[in-house]
Asks: 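Supplied in structure tokens, the structure appears directly below.
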Amino acid sequence: MTSTPVDAPRLFPDRLVVAVDGTSGSGKSSTCRGVATRLGLRYLDTGAMFRAMTWWMLQHGVDVHDPAAVAARCAEPAIASGTDPSAPTITVDGTDVAVAIRSDEVTAAVSPVSTVPEVRARLLALQRAIIGAEVEPTGIVVEGRDIGSVVVPDAPVKLFLTADAAARASRRAAESGATDVAATEQSLRSRDAIDSGRATAPLLLADGAVQVDTTGYTLEEVVELVVAMVDRVRS
Ligand code: DC
């Protein structure tokens, strides 16, 4: 399931990491939380960390379209993620930003901020520290865009979730209460284009990842599929 050479040192030896990447609105969060809850694993939403970084930049008046300005400040915010799948938390400098990071303003700015290599390097270190600290004794489900390719390339279970853009837009609109589904779809497509086209750690199908199109499936069905994959590597 992984392309890591057999003699390469494992990043997290003897630890179960389930790496879940995919497009915006493909059902990653619900799937990951469902799987982590079912299997008693921890859960890390790395998208929330990029959103928290973006929220801080907006709060401090940093021009999110100026990569040098973002890079110059990205070491400042203290971002902390709680990894309980039934109640994941995210704080910046001690402030709970779980609701604020889902605003349209943050959603519109998060992809440009995520393209800045210094931002990615800082959050990569933070993500690996959390994964290293949280996976014992059970393991952790980690969702994002570059988990199977960059953050934990030797994860024993890797998934890449996709879904039709129209299906993703109606799911997102239902979650957020947005009434303009066409605008939601446009926003998802534009984030996907930036996330897939960036130079550093683009969204792509990682080596060894299993691609799942969730369009015609219920959440329960996708959770069941992933649980079965994890059970196979555990046995
Ligand atoms: O999963 P999400 O939609 O909350 O993620 C928000 C943005 O964060 C997404 O558009 C791209 C960025 N992101 C990233 O670049 N790398 C990750 N591992 C996770 C998210």
Side-chain angles (χ1 to χ4, degrees), residues 11 17-33 43-58 64-65 67 70-71 74 77 79 81 83 85 88-90 92 97-131 140-153 155 158-163 165 168-169 171-176 178 184-206 209 214:
L11 260 176
V17 180
V18 180
V20 183
D21 294 302
T23 48
S24 302
S26 57
K28 290 190 303 292
S29 299
S30 311
T31 302
C32 290
R33 289 179 67 177
Y43 161 70
L44 179 63
D45 175 2
T46 63
M49 300 171 82
F50 283 92
R51 287 173 178 273
M53 175 69 78
T54 303
W55 175 85
W56 187 93
M57 294 289 164
L58 293 170
V64 294
H65 297 288
V70 171
C74 72
I79 297 171
S81 303
T83 60
T89 58
I90 179 96
V92 181
V97 293
V99 173
I101 62 168
R102 306 287 161 194
S103 70
D104 289 345
E105 202 190 2
V106 170
T107 298
V110 65
S111 280
V113 169
S114 305
T115 63
V116 177
E118 290 83 355
V119 167
R120 304 205 68 84
R122 165 123 203 268
L123 293 184
L124 174 63
L126 211 52
Q127 288 154 12
R128 286 192 176 154
I130 295 167
I131 295 165
I140 187 163
V141 183
V142 186
E143 71 156 286
R145 301 294 189 289
D146 61 343
I147 310 305
S149 55
V150 173
V151 181
V152 196
K158 293 192 205 179
L159 275 132
F160 189 85
L161 299 189
T162 59
R168 294 190 280 128
R171 284 180 197 163
R172 265 289 149 94
E175 276 163 21
S176 65
T184 304
E185 180 173 336
Q186 188 46 45
S187 154
L188 290 175
R189 284 184 187 277
S190 114
R191 279 206 291 141
D192 288 348
I194 300 175
D195 296 344
S196 304
R198 68 179 172 234
T200 308
L203 170 67
L204 46 73
L205 181 65
T214 66

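The chain is numbered in sequence order, starting from 1. As the structure is a prediction and not an experimental result, all values here were calculated from the model. Order of listing sets the numbers, starting from 1, for every ligand and every atom in it.
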Asks: Counting heavy atoms only, which of M49, R172, R145, K28 comes nearest to atom 1 (O) of ligand 1?
Replies: R145
Asks: Below 4.0 angstrom from a heavy atom of S111, which ligand 1 atoms are there? Numbered from 1 as shown, please.
Replies: 10 (O)
Asks: Pairs of nitrogen or oxygen atoms closer than 3.5 Å, one from R198 and one from ligand 1: do any exist?
Replies: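 Yes, there is a polar N/O contact under 3.5 Å.
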Asks: Considering only protein heavy atoms, which is closest to atom 20 (C) of ligand 1, and at what distance to one decimal place?
Replies: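 Result for atom 20 (C) of ligand 1: G47 CA, 3.5 Å.
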Asks: I'd like to check whether R191 has a polar contact with ligand 1, where a contact means an N/O of the residue lying under 3.5 Å from an N/O of the ligand.
Replies: yes
Asks: How long is the gap from CG on L124 to OG1 on T46, to the nearest 0.5 Å?
Replies: 10.5 Å
Asks: List the steps and the verdict of side chain to side chain donor-acceptor pair (under 3.5 Å) for T107 and R51.
Replies: CA-CA 7 Å; T107 298; R51 287 173 178 273; 3.1 Å; yes
Asks: Can you list every side-chain hydrogen bond (donor to acceptor under 3.5 Å, both in side chains) pair that touches residues 117-131, not counting sequence neighbours?
Replies: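 side-chain hydrogen bond (donor to acceptor under 3.5 Å, both in side chains) check on residues 117-131 returns R120-D146.
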Asks: Quick one: nearest non-hydrogen protein atom to atom 18 (N) of ligand 1, plus distance?
Replies: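 Looking only at protein heavy atoms, the one closest to atom 18 (N) of ligand 1 is D146 OD1, 2.8 Å.
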Asks: Which heavy atom of A109 sits nearest a heavy atom of V64, and at what distance?
Replies: CB-CG2, 3.8 Å
Asks: Please report whether ligand 1 has a polar contact with R51, defined as an N or O pair separated by less than 3.5 Å (distance criterion only).
Replies: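 Between R51 and ligand 1 (N or O atoms, distance only) the closest approach is under 3.5 Å.
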Asks: Verify side-chain contact (heavy atoms from CB on, under 4.5 Å) between V97 and I79, making sure each step is shown before the conclusion.
Replies: CA-CA 10 Å; V97 293; I79 297 171; over 6 Å; no
Asks: Looking at atom 12 (C) of ligand 1, what's its closest protein heavy atom, distance included?
Replies: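 Nearest protein contact, heavy atoms only, for atom 12 (C) of ligand 1 is S114 OG, 3.3 Å.
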Asks: Decide whether an N or O pair under 3.5 Å exists between Q127 and ligand 1.
Replies: no
Asks: Tell me every residue that passes salt bridge (Lys or Arg N to Asp or Glu O under 4.0 Å) with R171, counting only those two or more places apart in sequence or in another chain.
Replies: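 Not a single residue meets the salt bridge (Lys or Arg N to Asp or Glu O under 4.0 Å) criterion with R171.
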Asks: Compute the shortest N/O to N/O distance between D45 and ligand 1 and return yes if it is under 3.5 Å, no if not.
Replies: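 Looking only at distances, the answer is no, because the N/O contact criterion of under 3.5 Å is not met.
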Asks: Hey, what do you get for CG (D192) to CG (L203), rounding to the nearest 0.5 Å?
Replies: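 The CG atom of D192 sits 7.0 Å away from the CG atom of L203.
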Asks: Return the OG to CD1 distance between S114 and I194, rounded to the nearest 0.5 Å.
Replies: 9.0 Å
Asks: Starting from atom 19 (C) of ligand 1, which protein heavy atom do you reach first, and at what distance in Å?
Replies: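 So the nearest neighbour among protein heavy atoms is T46 OG1, 3.4 Å.
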Asks: Does at least one non-hydrogen atom of R120 fall below 4.0 angstrom from an atom of ligand 1?
Replies: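 R120: in contact with ligand 1 (<4.0 Å).
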Asks: About how many Å separate OG1 of T115 and CG of D195, when rounded to the nearest 0.5 Å?
Replies: 9.5 Å
Asks: In ligand 1, which numbered atoms sit nearer than 4.0 Å to a non-hydrogen atom of R102?
Replies: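 What qualifies from ligand 1 is 4 (O).
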